Structure formats: structure tokens, C-alpha cells
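Written out below as C-alpha cells is the structure these notes cover.
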Amino acid sequence: LRSAEEMQLQARFDERIDAGDFIEAKDWMPDNYRKTLTRQISQHAHSEIVGMLPEGNWIGRAPTLKRKAILLAKVQDEGGHGLYLYAAAETLGQSRDQLLDGLHSGRAKYSSIFNYPTLTWADIGVIGWLVDGAAIMNQVPICRCSYAPYARAMIRICREESFHQRQGYDALLVMMTKGTEAQKAMVQDAVNRWWWPSIMMFGPPDDQSPNTAQSMRWGIKRVSNDDLRQKFIDATVDQAKVLGITLPDPDLKWNEARGHWDFGVIDWAEFWRVVGGDGPCNRERLAMRVQAWEDGEWVREAALAHARKHSPDAPT
Ligand code: FAQ
């Protein structure tokens with residue numbers, strides 16, 4: 001049974017959500033709101049950190065110094081995004097160690113997309129164009145999310161993602177307009193492999209998305225999985241035309257009545273297999289993260305020892 005005081009707090013919270021107010025870390029919030037946000041923000045942070053791995057694979061093999069410098073900066077940005085997001089998640093009460101333990105133990109998810117391999121240099125351009133493109137489509141509405149620390153983190157993240165998307169598109173445009181036939185074929189092959197996984201990033205269809213209704217009610221999600229997916233497809237078709245590549249979906253067709261592009265059936269069995277840990281690179285990605293965590297133990301210990309020397313209040 002809930003106390004009268006708790007019911008009043010709940011009513012006040014609902015009013016603030018309905019009015020479009022932002023909730024700050026120290027404000028009262030229902031336990032499930034806190035839990036959902038901790039889940040989403042920490043999984044978002046894990047995605048950024050795991051997302052460094054597929055592209056990191058190509059830093060040492062970038063074709064020119066310019067492309068290498070750009071890729072280094074991008075991968076470093078993803079690390080930064082992870083850090084802002086862990087900091088935002090920590091304001092909800094769990095420590096960074098607890099959040100990371102969720103990733104390392106396999107309890108917490110991270111985006112399905114980062115379980116696919118980066119086989120050629122064209123994959124790096126396609127990740128920028130399609131994966132960052134999908135990420136921006138999903139993340140711009142989160143800048144207006146009801147939880148203020150998350151919304152604030154997303155503003156800077158979206159600005160950087162938009163640079164990432166353009167650098168990917170630019171790399172592909174150069175290959176498609178100035179490249180050899182083999183380079184053009186490499187771009188098409190990368191698009192064929194990344195297209196379907198990138199439209200799966202938005203999550204399951206709305207009628208199979210257990211969290212959407214409540215998260216929309218709370219203003220955590222502002223647009224549903226299917227609506228974002230449609231917006232992304234609508235925006236991407238013309239970009240593909242400019243690039244001169246074919247999207248690998250024979251059912252992609254403009255629907256005048258809907259004012260949207262129709263698209264083919266998504267292989268949800270593949271999506272759930274990858275989310276469940278059985279994608280092409282799941283084991284490798286998680287093992288890399290666990291190893292990085294273990295290898296970094298001496299750095300964390302040294303940083304704490306240094307902090308304790310300089311501030312008696314530092315955590316022990
Ligand atoms: N992968 O009920 P819903 C990036 C899970 S961008 C894995 O619809 P929700 C940038 C979902 O967690 C990528 N799992 O869930 C970058 C839930 O399971 P749970 C990260 C997925 O939360 C670019 C279950 O399925 N972006 O990193 C996926 O309402 C390039 C049922 O689903 C974000 O995290 C998936 N694709 O909606 C970095 C954005 N989809 O947790 C490097 C913030 C769903 O109950 C290089 N997150 N699931 O055990 C969100 O907007 C939402 O959490 C969704 C899922 C839309 C991802």
C-alpha cells in the first residue's frame with residue numbers, strides 16, 4: 001500500500017510529465033521510471049563503447065592519413081559519448097562499476113548493430129552513413145527526453161553524430177565518384193550487408209515492443225520504433241540515389257497514398273538471435289570489453305591512490 005504522501009508525489013510527477021517539464025536527478029520519481037532510464041541510458045552507453053570496436057579495427061589500415069585522422073577522432077568521440085552517458089546514468093543511483101558489471105556479465109544489452117563485422121574499408125563509410133544516420137534519427141528526439149541529465153548529454157552527442165554521418169557519406173561519395181569499379185563494388189557490397197541490420201537498430205515493431213507505451217507516456221521516448229524506422233528509410237532512399245548505389249530491398253517502393261516508402265519484411269528472427277548473443281561477433285565484442293576492463297585495473301587503482309593522496313574525501 002502506498003502512503004498518502006507517495007500518492008501526492010506521484011500525482012505531482014505525472015502533472016510535470018504532462019506539462020512537458022524536465023525531471024532533474026534530485027527530484028522525486030517513480031521507481032520504474034528510474035529503472036527504465038537506468039536500463040536505457042546504460043545500454044546506450046554500452047553501445048557507444050562497444051561501438052568503438054568495429055571501426056577501431058580499421059584505424060591501422062585507413063587508406064590515407066586524412067581518413068585515419070578522421071576515423072581516430074570519430075572513435076574517440078564514441079568513447080566520449082559513452083562517458084557522458086555513464087555519467088547521466090549514474091545520477092539515477094547506480095555506480096559506474098555496477099553499470100559496467102551489467103555489460104560484462106551479459107545482463108545488460110548493447111545495440112545489435114555492433115555485432116556485425118567490418119570486412120572492408122567501405123564498411124567504415126557505410127557505418128558513418130547508415131549506422132550514425134540511424135543513431136541520429138533515434139537520438140534527436142531524446143534531446144527532448146523528460147529526464148534532464150539524459151537530454152543534456154544527447155544535445156552534444158547529436159552534434160557530433162551529425163559530423164560522423166557526413167564523414168561516412170563523404171568517404172562513400174569519393175569512392176563512388178572517383179573510385180575504380182572494384183571500389184564501387186566494395187561500397188555496394190558493404191551496403192548490402194549493413195542495410196537490414198541498420199534498420200533493425202530502431203528495435204522491434206511497435207506491437208512487439210514491451211517498453212514503448214510506458215516510455216512514451218513518461219516522455220523518455222518521443223517517437224516510436226516503427227515511426228523512426230520509417231523516417232530513416234524515407235530520408236535514406238534519396239541519399240542512396242545520389243551515391244549511385246542500390247538498397248538491397250526489392251520491395252522498396254514509393255507509396256503515394258501513405259506519403260512514405262514501403263519496404264520489405266524485416267528478418268526479426270535474425271534480430272532476436274543477435275540481441276540474444278548469437279550474432280556474428282557477439283562473443284568477440286564482449287570478450288574485448290572484458291579484457292579491456294581487466295587490463296585497465298592498474299590504471300583505476302593508480303588513479304584512486306592519486307586522488308586519495310590529494311583529497312581525503314576521495315572514494316576508498
Ligand atoms: N539492439 O521494448 P523495446 C550508437 C531490446 S547508436 C539490442 O522497443 P526500448 C551510436 C531492448 O533493449 C545505438 N537490443 O525497448 C554509434 C529491450 O530489451 P530490455 C544505441 C535492442 O528500450 C554509432 C527489448 O529489445 N542507441 O551507439 C535493440 O523501449 C556508430 C525490447 O525493445 C541507443 O541505445 C537493438 N537494436 O527501445 C556508436 C538509443 N532494440 O532492455 C558507434 C537509446 C531493442 O528490456 C558507432 N535507446 N532492443 O532487456 C533507445 O532509443 C531504445 O532503448 C531502443 C529500444 C529504441 C534502442
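Since the structure is predicted, the reported quantities are computational estimates derived from the model, not experimental observations. As the structure lists them, so they are numbered: ligands from 1, and atoms in each ligand from 1.
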- May I ask you to list the atoms of ligand 1 that are less than 4.0 angstrom from any heavy atom of M200? 36 (N)
- Note on the structure: Taking only non-hydrogen atoms of E48 and a 4.0 Å limit, the atoms of ligand 1 in range are 4 (C), 10 (C), 16 (C), 27 (O), 38 (C)
- Message: How far is atom 13 (C) of ligand 1 from the closest protein heavy atom, and which atom is that?
- Response: S111 CB, 3.7 Å
- Query: Is ligand 1 less than 4.0 angstrom away from at least one heavy atom of M52?
  - Reply: no
- Message: For M288, I'd like to know if atom CE has over 12 heavy atoms of other residues, nucleotides or ligands within 6.0 Å.
- Response: no
- Message: Just to check, does H164 reach to within less than 4.0 Å of ligand 1 when the distance is taken from its heavy atoms?
- Response: no
- Given the rule that I, L, V, M, F, W and Y join up when any side-chain heavy atoms are under 4.5 Å apart, are L85 and M52 in one cluster? no
- Mark up the atoms of ligand 1 that fall under 4.0 Å of a heavy atom belonging to A135, in ascending order. 6 (S), 10 (C)
- Note on the structure: So the atoms of ligand 1 within less than 4.0 Å of a heavy atom of V275 turn out to be 7 (C), 14 (N)
- Looking at W272, F202, Y150, the heavy atom closest to atom 25 (O) of ligand 1 belongs to W272
- Sub-4.0 Å atoms of ligand 1 with respect to non-hydrogen atoms of G203: 40 (N), 44 (C)
- Note on the structure: Within 4.0 Å of some non-hydrogen atom of Q139, the atoms of ligand 1 are 6 (S), 26 (N)
- Note on the structure: Taking only non-hydrogen atoms of K221 and a 4.0 Å limit, the atoms of ligand 1 in range are 8 (O), 9 (P), 29 (O), 37 (O)
- Item | Nearest protein heavy atom with distance in Å, relative to atom 39 (C) of ligand 1 | N138 OD1, 3.1 Å
- Is the closest N or O pair between E161 and ligand 1 shorter than 3.5 Å? no
- Within-cut-off N or O pair, E55 and ligand 1, under 3.5 Å: no
- Part of K109 within contact of ligand 1 (heavy atoms, under 4.0 Å): side chain
- Item | Per-residue contact class, V274 against ligand 1 - non-hydrogen pairs under 4.0 Å | neither
- Query: Do ligand 1 and E78 have nitrogen or oxygen atoms that lie under 3.5 Å from each other?
  - Reply: no
- Verdict with supporting geometry, Y150 and H44, side-chain hydrogen bond (donor to acceptor under 3.5 Å, both in side chains): CA-CA 11 Å; Y150 191 21; H44 192 167; 2.9 Å; yes
- Note on the structure: Counting heavy atoms under 4.0 Å, the part of P204 that contacts ligand 1 is side chain
- Rounded to the nearest 0.5 Å, what separation is found between the CG atom of D262 and the CD atom of Q230? 7.5 Å
- S209 to ligand 1: N or O pair under 3.5 Å? yes
- Message: Can you give me the closest heavy-atom contact between G82 and A45, atom names plus distance?
- Response: O-CB, 3.8 Å
- Query: Closer than 4.0 angstrom: is that true for some heavy atom of Q208 and an atom of ligand 1?
  - Reply: no
- Message: Can you tell whether the side chains of R159 and D77 come within less than 4.0 Å, N to carboxylate O?
- Response: no
- Query: Are S215 and ligand 1 in contact, using a heavy-atom cut-off of under 4.0 Å?
  - Reply: no
- Going through the distances and angles, do T118 and N57 end up as a side-chain hydrogen bond (donor to acceptor under 3.5 Å, both in side chains)? CA-CA 8 Å; T118 40; N57 183 30; 3.1 Å; yes
- Task: Provide the number and element of each atom of ligand 1 under 4.0 Å from a heavy atom of Y110.
- Result: 1 (N), 7 (C)
- Test side-chain hydrogen bond (donor to acceptor under 3.5 Å, both in side chains) applied to E256 and W254, step by step: CA-CA 6 Å; E256 192 63 49; W254 177 251; 3.1 Å; yes
- Between F114 and ligand 1, is there a nitrogen or oxygen pair with a distance under 3.5 Å? no
- Query: Taking the six-membered ring for Trp, are the ring centroids of F232 and F202 within less than 6.0 Å of each other?
  - Reply: yes
- CE of M175 to CD of Q183, rounded to nearest 0.5 Å, is 7.0 Å
- Query: Can you find a pair of side-chain heavy atoms, one from L119 and one from R193, that are under 4.5 Å apart?
  - Reply: yes
- Query: Judging by distance only, is a nitrogen or oxygen of D132 under 3.5 angstrom from one on ligand 1?
  - Reply: no
- Message: Under 6.0 Å between ring centres: does that hold for Y86 and H46?
- Response: yes
- Exceeds 12 heavy-atom contacts within 6.0 angstrom, atom CD of E5: no
- Note on the structure: Nearest non-hydrogen contact to atom 47 (N) of ligand 1 from the set M216, Q40, R107, H44 belongs to Q40
- Message: Other residues, nucleotides and ligands only: do more than 12 of their heavy atoms fall within 6.0 Å of CG on D207?
- Response: yes
- Q76 atom CD, over 12 foreign heavy atoms within 6.0 Å: no
